[in-house]
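Take a look at the structure below.
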Amino acid sequence: MFASFSARSPRRRGAARLVAATWVSGLVALGVFAGTGTASADEAAQKQGGATATIGGLKTYGEAVIHEETGDLTVSAGLFEMSVEGGGTLQTYCVDLNNPTQRDAKYHETPWSGTSLGVNKDAGKIRWILQNSYPQVNDLAALAAKAGAGNGLTEQDAAAGTQVAIWRYSDGADVDAVDPQAQKLADYLEKSARNLAEPASSLTLDPPAVSGHPGELLGPVTVHTNASTVTVTPPADAATSRVRVIGKDGKDVTSAADGSQLFFEVPEDAAAGSADLSVQASTTVPVGRAFASEGRSQTQILAGSSESTVSATASATWAAQGAIPALSTAKNCAEGGLDITAANQGDEAFTFELLGSRHTIPAGASSTVTIPLQEDQAYDFTIKGTDGSGNRFTGVLDCRTQGSAAGDATQTLSEPSPLTVGGTASDVNLAETGGSTATPLIVGTAIALVVIGGAALVLLREKETPTRD
């Protein structure tokens, strides 16, 4: 349980956030792939589906005071607004108090397990707050009555009080609303909150990658969505490759619903290769879904959604013989790293080296390997498949809030040792982070992320397997 808010001692990582690890694989650098003549790296496997949006800044907010050991800090607290790619608007609250927002940062709908919420036992209470406060509850008179705010609530009060209550659970912050009515709302929400389950994604495809032999049906890929229907788009080169997307009945699929199963039908004479299908829908994103940025911008949680465009992609890989891996990734905050899942539907074992360790996946089996990453570390690497194509995975591990960090220890990947870097983040939106230029919290804005030094992971077959053209 959290300690009482008055006695809580916030723990700061401060300058520790300036440290990022860089690791160069002992195998092949990423740049080498550019000259091999192989297919370009495909980033589709890392997309988990849902809404993609760009943050626009705070729109409805009041003031709050964070009580620090070094003194009190007044910050803005309230609702952010995001513009959805393809159409739509989202309203979000921050669940990452001590990190800044980056101007025009792009965000993706993300499972809680890929954010600090995944290791927060009170994450479900945050969802309760969202469902029982503004803007989901827009009858402010009724909300004020429940909170005992006799003088009523403005939209600004409601937004500020809601954000303060969320910060107490998301960041373990000792924080109060400046306005007395907003403070009453924050106290009421904190005291009343109950744990609720994580909401389902607006749209995902499971699994996001499949593999097999030409002449077989590759799949199934199951649609999970709260939309009434989704549009299915076949591979871009379907006319020339003759790869079809079909249903269980063998007919071409152009639309699907929740629970629908999709298959790639690959011609028997097809050369080794890969293809993608995509699905898209218009729906409201469930309240409580997390949104993580592509870079270092504070994590958000959804408070409200208009009808918005959501999408997801799945990939298929095929070959006549040998190992045939299907690759996908997911951030794993519980383990502090990135999960790489390889499902081998080939007829030979699939072997690869990762961080100096050798892993073998038997034919017909699947395995997940977790790459340990340092908090705030950017990663950018390509895994090369047996057909010569590559899957590129990029992102930043953002699993902890400063207030919930167990300490300032830095996780090391492997040699060389972690590199201390400097510089400034010129695109940090200081006015909308919950801080000011005078606060130690903004030390974190000087983070310079180090991309894993051209790291690439080469997927190998067992030594005894003969080389094929």
Side-chain angles (χ1 to χ4, degrees), residues 1-11 58 60-69 72-80 91-98 112 115-199 287-288 290 298-304 401-404 434:
M1 298 292 292
F2 284 120
S4 64
F5 297 117
S6 60
R8 186 173 299 111
S9 297
R11 289 164 294 208
L58 280 168
T60 306
Y61 58 94
E63 290 188 326
V65 176
I66 304 171
H67 305 292
E68 299 280 322
E69 290 180 340
D72 289 348
L73 173 69
T74 301
V75 299
S76 298
L79 276 171
F80 287 83
Q91 292 176 299
T92 62
Y93 286 106
C94 162
V95 289
D96 200 4
L97 170 61
N98 295 310
W112 286 1
T115 72
S116 60
L117 297 173
V119 291
N120 184 343
K121 61 181 177 55
D122 289 319
K125 293 183 178 180
I126 298 173
R127 187 186 179 196
W128 186 96
I129 291 170
L130 294 167
Q131 291 188 335
N132 290 274
S133 191
Y134 181 77
Q136 288 301 304
V137 177
N138 56 19
D139 184 341
L140 297 184
L143 187 60
K146 286 185 178 181
N151 294 330
L153 292 166
T154 65
E155 291 183 342
Q156 291 74 20
D157 294 338
T162 305
Q163 178 66 90
V164 165
I166 289 171
W167 277 337
R168 290 174 178 176
Y169 283 121
S170 66
D171 293 72
D174 186 357
V175 57
D176 295 311
V178 170
D179 183 89
Q181 308 311 310
Q183 175 67 9
K184 288 179 180 179
L185 175 61
D187 291 342
Y188 157 73
L189 293 172
E190 179 196 352
K191 182 181 297 185
S192 302
R194 301 292 182 267
N195 264 310
L196 300 179
E198 177 181 2
V287 170
Q298 60 185 203
T299 305
Q300 304 282 309
I301 192 166
L302 188 72
T401 63
Q402 291 181 5
S404 65

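Counting begins at 1 with the first residue of the sequence. No experiment lies behind these values; they were computed from the predicted model shown. The basis for the numbers below is simple: all heavy atoms, side chains too, and nothing from hydrogens, waters or symmetry mates.
In this structure, OH on Tyr188 lies 7.0 Å from CG on Leu143, to the nearest 0.5 angstrom.
Take Pro180 and apply the side chain to side chain contact (heavy atoms under 4.5 Å, CB included) test, not counting sequence neighbours, and it matches no residue. With sequence neighbours excluded, the residues that form a side chain to side chain contact (heavy atoms under 4.5 Å, CB included) with Ala144 are Ala149, Leu153. Ala123 meets the side chain to side chain contact (heavy atoms under 4.5 Å, CB included) test with Trp112, Leu117, Asn120; sequence neighbours excluded.
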Legend entry - Step-by-step side-chain contact (heavy atoms from CB on, under 4.5 Å) determination, Val65 to Val175: CA-CA 6 Å; Val65 176; Val175 57; 6.0 Å; no
Inset, instruction - Let me see the working for Leu189 and Thr162 under side-chain contact (heavy atoms from CB on, under 4.5 Å), right down to the final yes or no. - result: CA-CA 7 Å; Leu189 293 172; Thr162 305; 4.0 Å; yes
Inset, instruction - Give the C-alpha distance, both sets of side-chain angles, the deciding distance and a yes or no for side-chain contact (heavy atoms from CB on, under 4.5 Å) between Asn98 and Trp167. - result: CA-CA 10 Å; Asn98 295 310; Trp167 277 337; over 6 Å; no
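Annotation for Gly152 and Asp157: closest pair O-OD2, 4.4 Å, computed over non-hydrogen atoms. Closest non-hydrogen pair, Ala186 versus Ala165, comes out as O-CB, 3.7 Å. Residue Ala64 comes nearest to Ala77 through the heavy atom pair CB-CB, 3.9 Å, listed as atom of the first residue, atom of the second, then distance. When all heavy atoms of Tyr134 and Ala159 are compared, the closest pair comes out as CD2-N, 4.0 Å. Scanning both residues, Val287 and Leu302, for their nearest heavy atoms gives CG1-O, 3.6 Å.
With hydrogens and angles ignored, the 3.5 Å screen pairs a side-chain donor or acceptor of Tyr169 with a backbone N or O of Glu190. At distances below 3.5 Å, not a single donor-acceptor pair connects side-chain atoms of Gln163 with backbone N or O atoms of Tyr93. The backbone N or O of Ile129 lies less than 3.5 Å from no partner atom in the side chain of Ser133, so there is not a single donor-acceptor pair. The backbone N or O of Lys125 lies less than 3.5 Å from no partner atom in the side chain of Asp122, so there is not a single donor-acceptor pair. For Asp96 (side chain) and Gln298 (main-chain N/O), no donor-acceptor pair under 3.5 Å exists by modelled atom type. In this structure, Asp171 contributes its side chain and Leu97 its backbone to a donor-acceptor pair below 3.5 Å. Distance alone, capped at 3.5 Å, places no donor-acceptor pair between the Glu63 side chain and the Asp179 backbone.
Side-chain atoms of Asp176 and Gln183 form a donor-acceptor pair, as typed in the model, at a separation below 3.5 Å.
Tyr61 OH: 12 or fewer foreign heavy atoms inside a 6.0 Å radius.
The shortest distance between side-chain heavy atoms of Ile301 and Leu130 falls below 4.5 Å. For the pair Phe80/Gln300, a side-chain contact is recorded, criterion being any heavy-atom separation below 4.5 Å from C-beta on. Side-chain contact between Asp72 and Ile66 is absent, with no heavy-atom pair separated by less than 4.5 Å. By the 4.5 Å heavy-atom criterion applied to side chains, Val95 and Ile166 are counted as neighbours.
A salt bridge is defined here as a Lys NZ or Arg NE, NH1 or NH2 lying under 4.0 Å from an Asp or Glu carboxylate O, and Asp187 with Arg168 meets this definition.
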